[in-house]
Amino acid sequence: MLEQIIAQSLKQKGFILLAVLIIVCIGIYSWINLPIDAFPDVTNVQVEILSTAPGLSALEIERFVTFPIENAMRGLPDVVQMRSITKFGLSVVTIVFKDKVDIHFARQLVFQRLEEATANVPQNVQVSMGPIATAMGEIYQYTFQGLEPKNPQDRFRYLTDLRTLQEWVVTPLLKSVPGVNEINSFGGFFKQYQVIVRPEKLLAYDLTLDDIYRAVEENNQNIGGNVMDRFEEQYIVRGVGLLRAKEDLGNIVLKAYAGTPIFLRDVADIHVGEAVRQGAALMDGQEEVVGGIVMMLKGENSRSVVERVKQKVEEINSNNILPPGIKIVPYYDRSDIVKTSVGTVTRALLEGSLLVVIILYMMLRSLRGALVVILALPLSLFLTFIVMKNIGLDANFMSLGGLAISIGMIIDATIIQVENVQRRLSEEARASHKLSTVLKAVLEVRKPSIFGELIIATTFLPILSLQGLEGKMFAPLALTVATALLSSLLLSIFVIPVLCAYLLKPGAEKESLIMRAARKVYTPVLKWVMNKRLVVIGSAVMMLVATAFIIPRLGTEFIPVMDEGAFDMDVQLLPGVSLNKSLEITSLVEKKLKEFPELTTVVSRTGQTGIA
């Protein structure tokens, strides 16, 4: 069977070369569109339910919000774990599903139960689901840079305007970028219209706070009034009552005495101020900043999404969308680590390929033979990329690292074939029998070595049986290496014989100086080893025992240290610390960190500033 396949490949050389060209084209396309990230996404399938209840303590939220939501979510299929965190004004319920569950189906299940949950919580509680993102989804982080006022009141207004700009201008623009799921804003103040009621005025006019609430609510909406025909035209009737400025608030009529209206401004002071906040952000320990974190949709290509986000940011900065002097300046960009990791692996592949070419030429003394071997490497990689693209396997440090360490295994079969074909051609003087000579030479080594390659590929299969975090981390490596080895096996059967027939020429075999020197050294050593079998076997057993003794004492590490030029750290403070004190301590920490000359930017977030 194998002989017939290789023989047909040699007869259909043009067809095989066309197939190689197609593999190259599809492989390049697959590599360009292959999702690339630094590490595999090991996050489980989870759905977060976020509930905000302004003013309620953690005890009340746990009793009236968290517990009813958890109770409503009980009984969902394929749930592995349900946990919750309750803080002042905030409840976060996390539901973890089995890995086989589709994230969108899981969110649909949770959404169906939310109606029951929201019916059992207080009216002022807002319940929503978190974004479809993971811990690996924070791909781009930025702040607004501009000339900050020195006056404290102007500084409050400046930070409030920046947060308003972030929420109402920048966030919608960035969320329109394909692949972006959410923008987590932080820092600054929320703009707020404040009605400061004077109690003595309420008593004087016989009013209550409920009257104020009701009047503001009823006078802050537009009402539809159907349509009215007028001659040949139709007019839409509507009542416009939406508040636009604090003067509109002051003109709200609360009640009237003998035809004299009592306005809201008569019983209260109206200001434009800032809402009470629970978080803030600092930069370099000097000033407060406002910014955002771009969160990528789960399963997207981080490289492509970051590039689209950077293009959108450049468009925002250059098209006068922001006020004069204000720019979006990134301080973290996921594409940096992606480029670094991919560049490291790519460099390893190139260096390995160059080393293979040099060694092959030194050993075989044949540039044509080295060319055949080196062509097998990119073709194997292209086939691997095609498979990875079609099965949804991302390119990351683990999977690409698997390719880097398997270079020798990938081209091992090709080296054996090329060496044997070259030897057979040197022995066969007649060029008319070249195809039959190539066929015989390939079959001589192909049949014995094919089982060895299959055995090597199967040694990676136990890694696929790993579960949980370990399986998600190391399964890409095993799948990539096994795919590369199988791709190399297919090429050695269909393509390599054709390349040997085209590129290798009959001629006298040239033995290199290295091979002659190695034979002179190896031959007497081999004779001595064969005469001292017990000594050699005993030494090997002793080394095995020593190795078994040393292995448990070696240091272990789950994943390699990744120096991406940025790191994250947490500062734990005592519960109940005020925001001002937290900012003061954070400022001191940033100033200490800035004493290191290697650090260029330090950005910190304290408290709750955006999405939980």
Side-chain angles (χ1 to χ4, degrees), residues 52-57 88-89 122-126 144 146 148-172 185 187-226 228 235-280 288 290 322-324 326 578-580 607-609:
T52 55
L56 291 183
S57 66
F88 171 74
Q123 292 184 353
N124 64 334
V125 176
Q126 296 181 355
F144 290 99
E148 184 175 356
K150 300 298 182 182
N151 184 279
Q153 290 299 325
D154 293 338
R155 187 165 59 88
F156 286 148
R157 191 178 302 109
Y158 171 77
L159 294 174
T160 303
D161 292 340
L162 286 183
R163 185 58 187 254
T164 303
L165 189 70
Q166 164 67 17
E167 296 289 344
W168 296 99
V169 178
V170 176
T171 294
S185 305
F189 297 88
F190 285 99
K191 186 177 181 180
Q192 189 178 69
Y193 289 90
Q194 300 172 346
V195 179
I196 312 299
V197 179
R198 289 175 285 180
E200 68 278 6
K201 293 293 185 179
L202 293 181
L203 291 174
Y205 291 111
D206 191 23
L207 294 170
T208 64
L209 285 176
D210 287 338
D211 296 329
I212 304 296
Y213 292 146
R214 187 166 52 252
V216 172
E217 181 179 4
E218 293 176 352
N219 286 272
N220 187 27
Q221 54 184 329
N222 293 343
I223 303 297
N226 213 323
M228 181 181 67
Y235 295 91
I236 297 176
V237 180
R238 64 192 184 103
V240 180
L242 199 65
L243 301 175
R244 296 181 177 274
K246 69 176 184 177
E247 288 78 13
D248 296 336
L249 271 171
N251 293 330
I252 292 177
V253 177
L254 302 176
K255 63 189 304 186
Y257 281 105
T260 302
I262 299 174
F263 296 100
L264 182 59
R265 63 175 179 267
D266 296 329
V267 298
D269 297 324
I270 302 172
H271 305 285
V272 178
E274 301 84 26
V276 177
R277 60 176 181 168
Q278 295 295 319
E288 286 195 42
V290 177
L322 303 178
I326 303 297
S578 66
L579 179 60
N580 290 334
Q608 179 187 346
T609 60

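By convention here, the first residue in the shown sequence is residue 1. We use all heavy atoms of the structure for the numbers below, so side chains are in, but hydrogens, waters and symmetry mates are not.
The shortest distance between side-chain heavy atoms of Arg163 and Phe190 falls below 4.5 Å. Proximity of Asn226 to Val237: side-chain heavy atoms (C-beta onward) are nowhere separated by under 4.5 Å. In this structure, Asn220 and Leu242 have side chains that are in contact, with non-hydrogen atoms separated by less than 4.5 Å. Contact check for Val272 versus Thr160: no side-chain heavy atoms found under the 4.5 Å cut-off.
At most 12 heavy atoms of other shown residues, nucleotides or ligands fall within 6.0 angstrom of atom CD1 in Ile236. Atom CD of Gln192 has more than 12 heavy atoms from other residues, nucleotides or ligands within 6.0 Å.
Under a 3.5 Å cut-off, the side chain of Asp266 and the backbone N or O of Phe263 do form a donor-acceptor pair. At distances below 3.5 Å, not a single donor-acceptor pair connects side-chain atoms of Gln278 with backbone N or O atoms of Leu579.
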Working note: Leu254 + Tyr205, criterion side chain to side chain contact (heavy atoms under 4.5 Å, CB included); need CA distance, chi angles, decisive distance, verdict.
CA-CA 10 Å; Leu254 302 176; Tyr205 291 111; over 6 Å; no

Working note: Val170 + Phe144, criterion side chain to side chain contact (heavy atoms under 4.5 Å, CB included); need CA distance, chi angles, decisive distance, verdict.
CA-CA 11 Å; Val170 176; Phe144 290 99; 3.6 Å; yes

Between Val290 and Leu165, does a side chain to side chain contact (heavy atoms under 4.5 Å, CB included) hold up when you go through it step by step?
CA-CA 10 Å; Val290 177; Leu165 189 70; over 6 Å; no

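The nearest pair of heavy atoms linking Asn222 to Gly241 is OD1-N, 2.8 Å. Looking at every heavy atom in both residues, Ala268 comes nearest to Arg198 through N-NH2, 3.8 Å. Contact detail for Gly188 and Arg277: the closest heavy-atom pair is O-NH1, 3.4 Å. Between Glu148 and Glu288, the shortest heavy-atom contact is OE1-O, 4.0 Å. In terms of heavy-atom proximity, Pro149 sits nearest to Tyr158 at CD-CG, 3.6 Å. Annotation for Phe189 and Ala275: closest pair CD2-O, 4.5 Å, computed over non-hydrogen atoms.
In this structure, the separation between CG on Leu249 and CZ on Arg244 is 13.5 Å, given to the nearest 0.5 Å. Considering NE2 of His271 and CD1 of Ile196, their distance stands at 5.5 Å, rounded to 0.5 Å. One distance of note links CD1 of Ile252 with CG of Asn219; it measures 4.5 Å at 0.5 Å rounding. To the nearest 0.5 Å, atoms CG (Asp248) and CD1 (Ile270) are separated by 9.5 Å.
Among pairs with a residue in residues 200-218, those fulfilling salt bridge (Lys or Arg N to Asp or Glu O under 4.0 Å) read Asp211-Arg214, at least two apart in sequence or across chains.
Remark: Arg265 engages Asn251 in a side chain to side chain donor-acceptor pair (under 3.5 Å) (not counting sequence neighbours).
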